[in-house]
Protein chains: 2
Amino acid sequence: MKVSTRGEYGVRAMFDLTLNYGTGPIPLKEIARRQLISETYLEQLMGALRKAGLVSSKRGAQGGYELSHPPEQITIGQIIRVLEGPITPLDCLDTDSGNGPYCGQPEQCVLRNLWKELQDSMKRVLDNTTLEDLRQDAVKLEVAKGQ
Amino acid sequence: MKVSTRGEYGVRAMFDLTLNYGTGPIPLKEIARRQLISETYLEQLMGALRKAGLVSSKRGAQGGYELSHPPEQITIGQIIRVLEGPITPLDCLDTDSGNGPYCGQPEQCVLRNLWKELQDSMKRVLDNTTLEDLRQDAVKLEVAKGQ
DNA sequence: TTCAATTCCGACGAAATTAGTCGGAAATGA
DNA sequence: TCATTTCCGACTAATTTCGTCGGAATTGAA
């Protein structure tokens, strides 16, 4: 029932890019330093996020990564799916992935419904939270701190 | 983000015991056969459930396992916790487990809230579903089938 | 032109977790 | 006494996770 470091670090990195959105490409080294993530490991993750179209990159000096869409158009669910695969507590729930909806035992439908409910509740949180939501939370926290 | 086979099989086994609740101890061999789970593996899981007080056992001939409380008093969350540990997407959310609430970087509080929301939504489903709920779902399905 | 900075790529490796198996001891009812 | 059954701890194989490493390609700036 856990998010692996891929998902956790990926979200951290994307959040970092959100706070720096609009200022040109951010080198991976900076993100890694701020977020305390191994540079070479993060490189892997950014590669996946780039291939999935969530970030764009620029090579060479003054290069780096930036969000390829504004923060309100990127959800946490998208990030997690790229880095951890489908959001599902049980593979057999995932009709897309070749494993059909039928788990072998018809009476198991009851349990299937249980896991489906769990899946839905997870998706509800992850797919309805955007990077912009998080940014605004951060702003509010800063304001609160100042008082 | 997945439930391991420990959790999945454990819930199946407990559901099996629910459908047979009140008829005396059920031998592990029967559960394993009905649920298509390796007998020796299931043995491990039942041992954990017994130590946690969710099932009681009787040794020897005519022995077996049964729920130690009526189905409406056992939640899926209890079963999962015994077999998979705390329900949490991130270890640092778990204040009980020695890893304090503080993740090292104060600004990460925003992300912490995100994961906390996810955790809450998972707990909401798992802690509010009892074995009796599942049994009733099964009864309804049977009724529907008959028509 | 050269050079440092940076992404990109694929292979590799260590550690942890998962998913079991195995052998035998102890209890219990028939 | 014996077949049935739980109980226990150790062991193993496969998979996944969490990275590292070496080097190629690109790019802006001096």
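The nearest whole Å value for the distance from the NZ atom in B/Lys29 to the C1' atom in D/dA3 is 10 Å. Per the geometry, CD belonging to A/Glu8 stands 15 Å off C1' belonging to D/dG19, to the nearest Å. When rounded to the nearest whole Å, the span between CD1 of B/Ile31 and P of D/dT5 equals 12 Å. Between A/Leu28 atom CG and C/dC8 atom C1' there is a gap of 11 Å when expressed in whole angstrom units. Nucleotide C/dT17 holds its C1' atom 15 Å from the NZ atom of B/Lys2, rounded to whole Å. The NZ atom of B/Lys51 sits 7 Å away from the C1' atom of D/dC8 (whole-angstrom rounding). If you measure from atom CD1 of B/Ile37 to atom P of C/dG20, you get 10 Å, rounded to the nearest angstrom. Separating the CZ atom of A/Arg33 from the P atom of C/dT6 is a distance of 11 Å, rounded to the nearest angstrom.
With sequence neighbours excluded, the residues forming a side chain to side chain contact (heavy atoms under 4.5 Å, CB included) with B/Asn128 are B/Arg124, listed by chain and number. Residues satisfying the side chain to side chain donor-acceptor pair (under 3.5 Å) test with B/Asp133, not counting sequence neighbours, are B/Thr130. Under the rule for a side chain to side chain contact (heavy atoms under 4.5 Å, CB included), the partners of A/Gln136 that lie at least two apart in sequence or sit in another chain are A/Glu132.
Evaluation of the side chain to side chain donor-acceptor pair (under 3.5 Å) test over residues 36-60 of chain A, restricted to residues two or more places apart or in two chains, returns A/Thr5-A/Tyr41, A/Ser38-A/Thr40. Pairs of residues two or more places apart, or lying in two chains, that qualify as side chain to side chain donor-acceptor pair (under 3.5 Å) and include a residue from residues 17-32 of chain B are B/Asp16-B/Asn20, B/Glu30-B/Arg34.
A close approach under 4.0 Å does not occur between any side-chain nitrogen or oxygen of A/Ser4 and OP1 or OP2 of D/dT16. Between D/dG19 and A/Tyr9, a contact under 4.0 Å exists linking OP1 or OP2 to a side-chain N or O. Residue A/Arg50 has a polar side-chain atom (N or O) positioned under 4.0 Å from OP1 or OP2 of C/dC8.
Salt-bridge annotation for B/Asp127 and B/Arg81: present, with a side-chain N of the basic residue lying under 4.0 Å from a carboxylate O of the acidic one.
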* To do: Quick one, give me the B/S/- string for nucleotides 20-30 of chain D, reading 5' to 3', where B means a protein heavy atom under 4.0 Å from the base and S means that only happens at the primed atoms, P, OP1 or OP2.
  => B----BBBSS-

* Evaluate side-chain contact (heavy atoms from CB on, under 4.5 Å) for B/Arg112 paired with B/Leu93, printing each intermediate quantity in order. => CA-CA 7 Å; B/Arg112 190 181 156 77; B/Leu93 288 182; 3.8 Å; yes

